**Student:** 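The structure under discussion is supplied below as structure tokens; questions concerning it will follow.
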Amino acid sequence: MSEVSQLNDDEIDLIELFEILWRGKWKIIVTTVIAALVGVAFSLVKSNLYKVSTSIENGKSSVFLKHTIINDVLKDNGLYLTNKNLNGYVINAPTIFSIVIDEFNDYETMINVVSNNDFVRQSIKDLDEKDKQKALIKFAKLFVITPPSKNETNWMLSFEWHDVEEGKRLLNEALILTLINVKTTLLNDIDQLATSIDIKTQRELEVLRSELNLIKQKQKIFNNRRILYLSEQSAIAKELGIATNTLDSKALALSSSSLEQTDSSGLSLIFSSSNEVPFYLRGFKAIDKEISLIRSRSEEGQLLLASGYINNGEKIISLENDLSASQLRNSLKSIENDNPNNWVQFDLTLADSKSQKNSKLYVALSIALGGILGALYVFISNTIRKRKERLVKA
């Protein structure tokens with residue numbers, strides 16, 4: 001019976017619960033008011049944070065028309081950016097925009113900008129160097145360029161800062177420095193591309209000049225062999241007393257067609273076969289005249305008859321007069337005179353600003369927390385009081 005009585009004493013029904021809360025209503029009210037005042041004070045003390053955002057887009061295509069010659073030179077030299085040549089280069093609105101995004105999002109420029117801000121300096125003055133760097137990175141990451149979401153088409157430029165105008169100034173400064181860095185990088189890249197074209201041209205010229213020297217040597221060997229052969233045929237004709245041609249037109253054509261063949265190097269080879277008409281039958285006068293002509297030819301005249309000489313010479317002349325590298329370097333002036341601020345489009349004056357500070361939420365949470373704490377205090381006080389009463393009765 002005593003156990004049942006003990007269980008009944010430990011049970012609390014809803015009516016009793018409300019009675020307890022009603023008896024301690026002033027304690028709950030006082031706790032709630034105190035918590036609400038703390039919430040109000042917190043919202044007043046807490047610095048406000050604003051989120052500002054605006055769109056950022058490619059620069060107009062017309063801005064880059066003056067750089068068309070650079071793209072043409074890159075195409076001619078196999079250096080143009082395509083789906084098949086991802087290591088190529090191109091100067092147009094989308095590519096420059098992509099470079100600007102990558103340059104800005106590495107945070108280096110933004111860190112340099114915020115590190116000179118008075119508010120940031122004051123915030124990190126008591127930190128060691130390692131923690132200062134971490135804090136600067138944290139401040140820099142408040143300024144971002146984000147890609148378009150599913151339902152949007154534009155990239156967004158945004159930041160969170162306690163002062164909207166100061167934040168805009170910091171962001172604008174960082175963007176200007178970013179564009180200057182991109183311009184400097186662009187100038188260096190174009191100069192390096194011009195240098196690479198120069199190196200490629202010089203390498204090709206060295207190969208062609210080496211081939212030209214080989215052609216000269218082969219032609220000299222060919223002439224010496226030809227003169228030796230003709231001298232022997234002339235001697236035979238003189239021995240036989242054949243001064244002039246004794247061949248009819250048919251035999252002469254056969255003799256001419258079977259006289260020479262060309263090897264893979266382009267050098268003519270002289271050979272004899274049983275079906276061949278003897279060359280000395282042409283007569284020593286004609287043969288001696290040919291020997292005289294070969295010996296009297298200038299070096300240039302001999303080379304003009306050499307296989308591959310003309311084609312090789314044309315390539316050398318073409319490379320020596322190639323203006324690709326100089327055209328690229330001349331185009332650097334147009335980039336130097338260009339205003340990089342036109343390479344992307346954004347307007348911070350049209351940016352949307354939204355306060356991240358929610359005072360009503362802070363006060364509401366404080367009131368709720370104060371009420372909960374007051375109720376807990378009343379329940380705990382009531383439990384302790386009952387326990388003491390039971391101990392007194394016992």
Side-chain angles (χ1 to χ4, degrees), residues 72-80 84-85 87-88 193-237 245 247 249-328:
D72 291 340
V73 172
L74 295 176
K75 286 179 183 178
D76 294 339
N77 289 273
L79 299 173
Y80 192 75
K84 295 182 179 179
N85 184 20
N87 294 322
L193 287 171
T195 301
S196 68
I197 291 175
D198 276 337
I199 294 173
K200 179 184 176 183
T201 300
Q202 289 303 316
R203 185 170 60 247
E204 291 179 355
L205 281 172
E206 288 176 5
V207 172
L208 289 171
R209 285 166 181 160
S210 177
E211 291 177 355
L212 182 62
N213 187 52
L214 183 60
I215 289 173
K216 290 179 180 179
Q217 294 177 15
K218 287 183 177 181
Q219 186 62 22
K220 186 176 181 180
I221 293 172
F222 172 78
N223 287 338
N224 290 336
R225 290 177 61 188
R226 179 69 174 170
I227 290 173
L228 177 61
Y229 174 77
L230 292 174
S231 297
E232 291 174 349
Q233 295 298 308
S234 176
I236 294 172
N245 178 47
L247 299 173
S249 58
K250 184 177 180 180
L252 185 61
L254 178 61
S255 175
S256 299
S257 64
S258 61
L259 176 63
E260 298 179 1
Q261 296 292 329
T262 303
D263 68 3
S264 60
S265 66
L267 196 63
S268 295
L269 302 177
I270 303 170
F271 67 94
S272 299
S273 68
S274 57
N275 297 326
E276 183 182 315
V277 178
F279 193 78
Y280 58 79
L281 293 179
R282 292 170 177 256
F284 64 82
K285 287 185 178 181
I287 296 173
D288 288 346
K289 184 61 177 177
E290 184 175 351
I291 293 172
S292 174
L293 290 174
I294 292 173
R295 285 175 173 168
S296 64
R297 283 179 192 147
S298 64
E299 182 180 0
E300 184 68 19
Q302 293 178 10
L303 289 174
L304 287 174
L305 298 175
S307 175
Y309 172 77
I310 294 177
N311 184 50
N312 185 284
E314 289 175 347
K315 289 180 180 178
I316 290 176
I317 292 172
S318 177
L319 287 173
E320 287 177 341
N321 291 277
D322 189 354
L323 301 177
S324 297
S326 61
Q327 286 175 335
L328 280 182

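Just so it is clear, the model here is predicted, and its values are computed rather than measured.
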**Student:** Tell me the closest heavy-atom pair linking S324 and I197, and the distance in Å.
**Tutor:**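 Smallest interatomic distance, heavy atoms only, reads CB-CG2, 4.0 Å.
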**Student:** Taking the side chain as every heavy atom from C-beta outward, state whether N77 and L193 have any atom pair closer than 4.5 Å.
**Tutor:**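 The answer is no, as the side chains (C-beta and beyond) never meet within the 4.5 Å cut-off.
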**Student:** To the nearest 0.5 Å, what is the distance between CG (L208) and CG (L319)?
**Tutor:**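 Answer for the CG-CG pair, L208 versus L319, is 6.0 Å.
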**Student:** Nearest 0.5 Å, please: how far is OH in Y229 from CD1 in I287?
**Tutor:** 8.0 Å
**Student:** Ignoring hydrogens and angles, tell me if any N or O in the side chain of N312 forms a donor-acceptor pair with the backbone of G308 under 3.5 Å.
**Tutor:** no
**Student:** Can you list every pair that meets side chain to side chain donor-acceptor pair (under 3.5 Å) and has a residue in residues 293-304, with sequence neighbours left out?
**Tutor:** N223-Q302, E300-Y309
**Student:** If I take atom CG from residue L281 and atom CD from residue Q233, how far apart are they, to the nearest 0.5 angstrom?
**Tutor:** 9.0 Å
**Student:** Are any of the side-chain heavy atoms of L205 and T201 separated by less than 4.5 Å?
**Tutor:** yes
**Student:** Between S210 and E206, is there a donor-acceptor pair closer than 3.5 Å when you use the side chain of the first and the backbone of the second?
**Tutor:**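 It does not hold such a pair.
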**Student:** Apply side chain to side chain contact (heavy atoms under 4.5 Å, CB included) to K289 and list each qualifying residue two or more places apart in sequence or on a separate chain.
**Tutor:** L293
**Student:** Would you mind listing every salt bridge (charged side-chain N to carboxylate O under 4.0 Å, His left out) that reaches into residues 317-328, with sequence neighbours excluded?
**Tutor:** R209-E320
**Student:** Nearest 0.5 Å, please: how far is CG in D72 from CG in L328?
**Tutor:**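 Reported to 0.5 Å precision, the distance equals 10.5 Å.
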**Student:** Could you pull out the closest heavy-atom pair between S196 and L79, with the gap in Å?
**Tutor:** OG-CD1, 4.3 Å
**Student:** Let me confirm one number: the OG1-NZ distance from T195 to K200, rounded to the nearest 0.5 Å.
**Tutor:** 14.5 Å
**Student:** Below 4.5 Å, heavy atoms only, C-beta onward: do F279 and I236 meet side chain to side chain?
**Tutor:** no
**Student:** Please find the pair of heavy atoms, one from A325 and one from D198, that lie closest to each other, and give the distance.
**Tutor:** CB-OD1, 3.1 Å
**Student:** Under the 3.5 angstrom rule, does the side chain of S318 hit a backbone N or O of E314 as a donor-acceptor pair?
**Tutor:**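 Not confirmed, S318 side chain does not pair with E314 backbone.
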**Student:** Charged N to carboxylate O under 4.0 angstrom, E290 versus R226?
**Tutor:**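 Looking at R226 together with E290, the answer is yes, because their closest N to O distance falls below 4.0 Å.
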**Student:** Can you name the nearest heavy-atom pair linking G283 to A237, along with the distance?
**Tutor:** C-CB, 4.2 Å
